Visitor: 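Shown below is the structure under consideration.
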Amino acid sequence: MGKITNRRFIWIRETKRQKQKRRCGRFCGTFYESEGKNMEWNKLLSAKRSRSSGSMGRHEKTADLRSEFEKDYHRIIGSASFRRLQDKTQVFPLDKSDFIRTRLTHSLEVSSFAKSLGQNIGENILACRKDPAFTRQMREDIGSILQCAGLIHDIGNPPFGHFGEVAIREWFERNLPVLIWHGKPVTEVLTPQMQEDFYHFEGNAQAFRLVTKLHYLVDEHGMNLTYALLNTIVKYPVSSLNIRPDSEDVREHKLGFYLADEALYREVEAETGTAGCRHPLTFILEAADDIAYKTADIEDAFIKGFLSYSDLREELARLHQEHGYGEGALEYRALEKLEKLYERGRERGDKNPGEYALKNWIIRTQGYLIACATEGFTSHYEEIMEGTWKQDLFAGTFGEALMDLLGDMAYRYVFSSSQIYKMEVTESVMLNYLMDIFVRAVMKYDDKEAEPDSIDRRIVFFISDNYKSAYLLQAKGKTEEEKLYLKLLLVTDYICGMTDSYAKRLYQELKAIF
């Protein structure tokens with residue numbers, strides 16, 4: 001099942017040197033200096049923005065007592081892009097239930113977990129004296145940054161969940177080699193990196209693009225968020241030419257930014273001092289995201305009838321048989337907790353003790369996984385700050401085996417079901433049609449050598465003026481070949497900005513389905 005193997009997991013793998021360092025309470029280690037540490041918190045928590053907000057410093061005393069990172073929070077929650085997440089799917093597209101999670105509710109959960117994790121980890125850095133330059137204000141800033149990062153980590157995703165990303169990638173794989181522009185195949189016009197950007201289309205890279213260029217707040221700087229926050233949301237700090245899906249280094253698995261946005265990312269990277277490494281807070285954001293969606297998928301699957309209490313009980317029994325319970329302070333008897341909760345539900349007289357048990361087990365499991373991630377960051381603090389840690393925060397813990405199981409269960413019980421497959425085929429039909437007509441029309445837009453017909457002009461008219469303005473600004477002074485690349489991005493910008501309902505409605509209207 002997934003990454004789970006037939007070996008017993010201990011709660012954390014440690015070298016002798018690491019064990020010696022971790023002797024201060026539950027998670028901490030004795031004070032030590034990190035040799036060769038590359039990243040420093042005073043740079044990592046940079047409050048710089050592309051356009052100055054007028055503040056002279058991160059905590060300048062003015063009538064506005066908010067920190068720069070707290071200002072980021074209010075910019076995000078007041079944005080239309082954030083509000084659209086309420087009509088974007090998490091797992092079940094266009095679901096009519098008010099219980100099933102949307103991208104908005106998922107993002108709120110990630111935000112909550114990320115802030116809690118950040119506060120826990122910041123407190124451990126202070127209590128264990130991991131870094132003499134780390135201050136209590138930095139702990140507060142970390143919580144604020146992660147709270148914001150959780151809100152926007154999925155803001156660039158297209159309609160219809162992660163399958164929407166797959167559908168767009170596969171559209172480019174099928175069509176980019178056969179598209180003709182000015183008598184030449186598009187693949188002979190675009191540079192290798194431009195082509196790979198589309199073949200590896202990624203919602204994470206789209207999120208960076210949206211908040212920095214596409215969301216119109218005041219000007220071309222998008223939401224004009226702090227550089228610390230911008231770097232935190234880039235999970236994969238590599239270009240499309242440097243992706244290695246099978247790499248042992250998690251940061252190389254996917255695309256982090258498009259060629260069109262690389263210059264800005266490099267500026268953010270230089271300001272925060274990450275130098276090609278993941279921002280340390282990105283590990284925390286990723287852990288919060290993993291906890292949120294893997295536990296939520298199980299709960300949603302139960303509510304939708306894909307998974308029963310008995311199914312979960314049997315899966316946990318096999319997990320413990322293969323891997324034991326973990327060791328040390330973070331031992332977790334997941335099956336025993338589930339069974340005790342079931343008995344408590346029966347004693348309470350609940351009509352469905354299985355539901356009572358599963359929902360309460362989810363809450364307890366989330367708390368355990370937060371503790372695992374806290375331990376993972378603290379134990380590998382040196383490697384994370386040096387940029388040499390290549391795995392997630394659960395690596396080597398019993399939490400890793402449990403997380404693998406939850407993800408594998410979601411795939412077997414939900415994502416590979418006929419109901420989901422039918423939804424995805426329908427979504428693919430809609431997205432393929434929208435990509436077809438918008439790419440055809442947009443390729444003739446702003447082109448002196450091409451004359452769009454009446455339908456193409458009307459198709460381009462549908463695209464948001466904000467997106468077209470962003471394109472025209474970025475296209476100034478560019479070659480025709482570079483403009484073609486930006487025009488293809490204009491299509492993905494527009495489609496990613498759609499909600500599930502809007503994409504479905506637009507498809508039906510353009511196909512004259514009434």
Side-chain angles (χ1 to χ4, degrees), residues 38 153 156-158 162 164-179 181 184-214 227 230-279 282-283 286 387-392 435 439 443 470-471 474-475 477-493 495-496:
N38 295 326
H153 79 286
N157 282 53
H162 287 296
E165 293 175 278
V166 174
I168 291 173
R169 280 196 293 267
E170 291 182 347
W171 188 94
F172 281 115
E173 290 170 2
R174 290 192 308 271
N175 291 279
L176 210 57
V178 299
L179 287 175
W181 182 79
K184 294 181 180 180
V186 165
T187 49
E188 293 182 11
V189 177
L190 300 180
T191 67
Q193 185 172 352
M194 291 174 180
Q195 295 178 53
E196 293 300 320
D197 279 1
F198 297 117
Y199 293 145
H200 296 92
F201 171 82
E202 170 65 36
N204 185 250
Q206 189 67 27
F208 183 81
R209 179 168 175 77
L210 187 151
V211 299
T212 57
K213 293 183 178 178
L214 303 181
Y227 282 9
L230 292 179
N231 205 344
T232 297
I233 66 170
V234 178
K235 293 173 66 175
Y236 312 100
V238 296
S239 76
S240 58
L241 294 177
N242 300 112
I243 298 170
R244 295 194 300 160
D246 298 325
S247 171
E248 293 181 356
D249 193 337
V250 66
R251 73 182 184 89
E252 299 176 329
H253 287 180
K254 295 181 181 180
L255 167 67
F257 48 83
Y258 301 122
L259 173 61
D261 310 314
E262 185 167 358
L264 176 58
Y265 175 73
R266 297 303 179 195
E267 182 181 329
V268 169
E269 180 184 58
E271 172 66 22
T272 53
T274 51
C277 303
R278 262 190 172 187
H279 193 294
T282 307
F283 288 96
E286 181 180 52
T388 58
W389 183 244
K390 298 179 179 181
Q391 302 179 73
D392 62 32
M435 289 291 294
V439 168
M443 285 179 68
Y471 158 75
Q474 295 172 62
K478 298 292 193 297
T479 66
E480 291 301 310
E481 292 76 13
E482 290 170 329
K483 288 167 67 175
L484 173 62
Y485 164 72
L486 292 173
K487 283 187 279 192
L488 292 174
L489 279 180
L490 174 58
V491 176
T492 54
D493 290 342
I495 288 179
C496 287

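Note that this is a predicted model, so its numbers are computed, not measured. Residue numbers start at 1 and run along the sequence shown.
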Visitor: Indicate yes or no: at least one non-hydrogen side-chain atom of Glu482 is less than 4.5 angstrom from one of Met194.
Guide: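 In contact.
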Visitor: Quick one: does Met443's side chain get under 4.5 Å of Leu484's, heavy atoms only?
Guide: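 The answer is yes; the side chains approach within 4.5 Å.
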Visitor: With heavy-atom distances below 4.5 Å as the criterion, would you say the side chains of Thr282 and Val234 are in contact?
Guide: no
Visitor: Between Tyr258 and Gln206, does any side-chain donor sit less than 3.5 Å from a side-chain acceptor?
Guide: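 Present: a donor and an acceptor within the cut-off.
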Visitor: Among residues at least two apart in sequence or on other chains, which ones pass side chain to side chain contact (heavy atoms under 4.5 Å, CB included) with Pro192?
Guide: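 Result, side chain to side chain contact (heavy atoms under 4.5 Å, CB included) vs Pro192: Leu241.
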Visitor: With a 4.5 Å heavy-atom cut-off, do Glu248 and Gln391 have their side chains touching?
Guide: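 No. Closest side-chain heavy atoms not under 4.5 Å.
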Visitor: Do the side chains of Arg278 and Glu286 get close enough for a salt bridge, i.e. N-O under 4.0 angstrom?
Guide: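 The answer is yes: the pair qualifies as a salt bridge.
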Visitor: Which residues satisfy the salt bridge (charged side-chain N to carboxylate O under 4.0 Å, His left out) test with Glu262, sequence neighbours excluded?
Guide: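 Glu262 satisfies salt bridge (charged side-chain N to carboxylate O under 4.0 Å, His left out) with Arg266 only.
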Visitor: Any donor-acceptor pair under 3.5 Å linking the side chain of Glu188 with the backbone of Lys184?
Guide: no
Visitor: Tell me every residue that passes salt bridge (charged side-chain N to carboxylate O under 4.0 Å, His left out) with Asp493, counting only those two or more places apart in sequence or in another chain.
Guide: Arg209
Visitor: Report the residues that fulfil ring-ring contact (aromatic ring centres under 6.0 Å, His included) with Tyr471, sequence neighbours left out, ordered by chain and then residue number.
Guide: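 With neighbours one apart ignored, the set is Tyr445.
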Visitor: Looking just at side-chain N and O atoms, do Glu196 and Ser240 make a donor-acceptor pair shorter than 3.5 Å?
Guide: no
Visitor: Please identify each residue that fulfils ring-ring contact (aromatic ring centres under 6.0 Å, His included) with Phe172, with sequence neighbours left out.
Guide: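 Partners of Phe172 by the ring-ring contact (aromatic ring centres under 6.0 Å, His included) criterion, ordered by chain and then number, come out as Phe198.
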Visitor: Of all the heavy-atom pairs spanning Tyr485 and Ala260, show the shortest one and how long it is.
Guide: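 Closest heavy-atom pair between Tyr485 and Ala260: OH-N, 3.1 Å.
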Visitor: Please list, chain by chain and in numerical order, all residues satisfying salt bridge (charged side-chain N to carboxylate O under 4.0 Å, His left out) with Glu480, sequence neighbours excluded.
Guide: Lys483
Visitor: Side chains of Thr212 and Asp261: donor-acceptor distance under 3.5 Å anywhere?
Guide: no
Visitor: Between Phe208 and Lys213, is there a side-chain heavy-atom distance shorter than 4.5 Å?
Guide: no
Visitor: Hey, mind stepping through Asn231 and Thr274 against side-chain contact (heavy atoms from CB on, under 4.5 Å) and telling me if it holds?
Guide: CA-CA 9 Å; Asn231 205 344; Thr274 51; 3.1 Å; yes
Visitor: One pair to check against side-chain contact (heavy atoms from CB on, under 4.5 Å): Phe201 and Glu165. What are the steps and the verdict?
Guide: CA-CA 7 Å; Phe201 171 82; Glu165 293 175 278; 4.3 Å; yes
